[in-house]
Every structure is written in structure tokens, then in C-alpha cells.
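Data first, discussion second: the structure below is written as C-alpha cells.
Values below: all heavy atoms of this structure, side chains included; hydrogens, waters and symmetry mates excluded. Proteins get letters first, then strands, A, B, ... in listed order; numbering begins at 1 in each.
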Amino acid sequence: MGVAVDSTLQGIDLKGTKVRAPKIGQQLPPEFFDRDPQLVSREILGKLLVRRQPGKLLAGRIVEVEAYLGEDDPAAHAAAGRTLRNSVLFGPPGRAYVYFIYGNHYCLNVSCLPDGVPGCVLIRALEPVIGVDEMARARGITLQASADLKKLTSGPGRLAEAFGITRARDNGNDLTSMVSDLRIVDDGYRPARVLTTARIGITKAAERPLRFLVSENRFVSRAVG
DNA sequence: TACATGATGCCCT
DNA sequence: GGGCATCATGTAG
């Protein structure tokens, strides 16, 4: 293997296999997500997405997200109103909204705003922090060069696969609950600089600056420019 | 019941 | 930079 991993965490086994439930950081409360998705987007950058299961611990730092609003946002799944598929968006804040796209990929969002008001943040890229080997296994990738790390979680479909996120398993789960195996925590890290650009891969309302990313971070799905 | 679509990623040129 | 796989979902008929 021999691949170096940039990490701001210290004293943690990066392979994540023999870690005995370390306190990674502070659990984000539901109130954090009970706000405008644009504000949540900015502030969720730098936080850790954590998957904790028996014999498995994964963590990745959130470095790129997009905000999706309500009916005033034509690109949002909530724009056409509530359906069986998007009902999580209309529920309480801090829940996982997972959808299946292009017959191949899952994407993870976090619901925002109070119960009854739709809105979410799409997690688009992570910087791998804990459990790199497990992520590589899940992605079917052999880590040989440092550049291979970027293939693990740089993109919404990629990170979902690396973390084993599926609709059947995670949709509707409370990311702010201590008993949930998928959570978002704050370990104190703060991005030095946040950039804002147009959202990626959409046709409607494509000009709105609702994509947020950590400046200078190599794990974003697409460089600015 | 049929059909059009898509908040992607991978492979090829 | 462009083509395309692949299927759950929503909507029209």
C-alpha cells in the first residue's frame, strides 16, 4: 500500500480496523440543519461524515456540497412537490435523503429546514480520513499511487459507494442521532477559505451559485475554473 | 402499462 | 472532450 493520507486527526489508526470507538468529534444537533440550505452548506464544509458499524469505521471530511432549495428552485427534487421518492426532503431536518440516479449511482443529501419545509444539501465530495482501505474495497479500487485516493470519494456517486450508502439502507435515517451508524460530526476543523460556484450536472437553474467547496482542496469533484 | 428522464462515472479518443 | 450504460421514479395515456 504505502499511500500517504493527509489528515488533521492525530492518534487515530487510519486503516480504521482496530480503533476502539474513539471520540472523533462533536455530534451536530438537529438545529444545525434547521436553517437555510445555503447557510448549512457553508458551515457543513470541514465536518466529518462518519460510518460506524461493528468492525468498520469510516470517516471523510466534507469538502464540496451543493444547496437545493424548495419549490422556487427548479433543479431541486422538491420543486414539483412531495412524492414517495422525495418525502424525506419535506420531513424534519438532519435526515439522510438518498436517491438512485442514472441506473447506477446513489447520492446522499441531508434534509434542512423545519418539518414541512423542503430543502437539502447534497454531499458531493469527501477527503478520506479514516478507513481508506475499506473505502477502496467498496469502490473496487487498488490503491497504488497517491492519485488513486481521489477516486475514492471525489464525487457524489463515488462517496456513496465508498461508504456503502444505499436508499434501502440509509434513506430517512437521522444523521444527528447517536444510535445512527451514519452521522456528521464536528472535530473542530475549519476551512481557511470557501469558494462558491454554479452547481454541476443540472440543466435547470444551472446559473445559480449554490455549489460550495473548500478552496485548494484536492479532493473536490471538479476544480474551479 | 408505456415511456422519458436524470444532482454520474467510466472508458475511449 | 464525448459517448453511453442502466433503472427507479414520475407522469401521461
Spacing between [X] atom [atom1] and [N] atom [atom2], to the nearest angstrom:
X	N	atom1	atom2	result
A/I101	C/dA5	CD1	P	17 Å
A/E64	B/dT8	CD	P	10 Å
A/Y106	B/dG9	OH	P	15 Å
A/H105	C/dA5	NE2	C1'	9 Å
A/I200	C/dG1	CD1	P	14 Å
A/I165	B/dT8	CD1	P	15 Å
A/L89	C/dT9	CG	P	14 Å
A/Y102	B/dC10	OH	P	14 Å

For atom CZ of A/R222, decide whether the heavy atoms of other residues, nucleotides or ligands shown that lie under 6.0 angstrom number more than 12.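 Not buried by this count: 12 neighbours or fewer within 6.0 Å.
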
Look at all strands and tell whether [X] reaches a base, only sugar-phosphate, or nothing, counting heavy atoms closer than 4.0 Å.
X	answer
A/F100	sugar-phosphate
A/R139	sugar-phosphate
A/G103	base

Is the ring pair A/Y99/A/H77 parallel, tilted or perpendicular, if the boundaries are 30 and 60 degrees? perpendicular

Select from A/N86 and A/N104 the residue whose nearest nucleotide in DNA chain C is closer to the 5' end of that strand. A/N104

Any side-chain N or O of A/R211 under 4.0 Å from OP1/OP2 of B/dA7? no

Does OP1 or OP2 of C/dT11 have a side-chain N or O of A/R85 closer than 4.0 Å? no

Residue pair A/A76 / A/L69: nearest heavy atoms and the distance that separates them: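 The pair with the smallest heavy-atom distance is CB-O, 3.2 Å.
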
Does a salt bridge link A/R199 with A/E66, judged by any charged N lying under 4.0 Å from a carboxylate O?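 No, A/R199 and A/E66 are not salt-bridged.
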
Check this for me: does any side-chain nitrogen of one of A/R51 and A/E134 sit under 4.0 Å from a carboxylate oxygen of the other?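 Here A/R51 does not pair with A/E134 in a salt bridge, since their nearest N and O are not under 4.0 Å apart.
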
First encountered from the 5' end of DNA chain B, between A/T203 and A/G157: A/T203

N/O donor-acceptor pair, side chain A/Y99 with base B/dA7, under 3.5 angstrom: yes

Considering every strand shown, what is the Watson-Crick or G-U wobble mate of B/dA7 when both distances are under 3.5 Å? none

Scan every strand shown for a Watson-Crick or G-U wobble partner of C/dT6, both distances under 3.5 Å, and answer none if you come up empty. none

Check for me: is A/Y68 stacked on B/dA7 by the 5.5 Å centroid and 30° plane-angle rule?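 According to the criterion (under 5.5 Å, under 30°), yes, A/Y68 stacks.
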
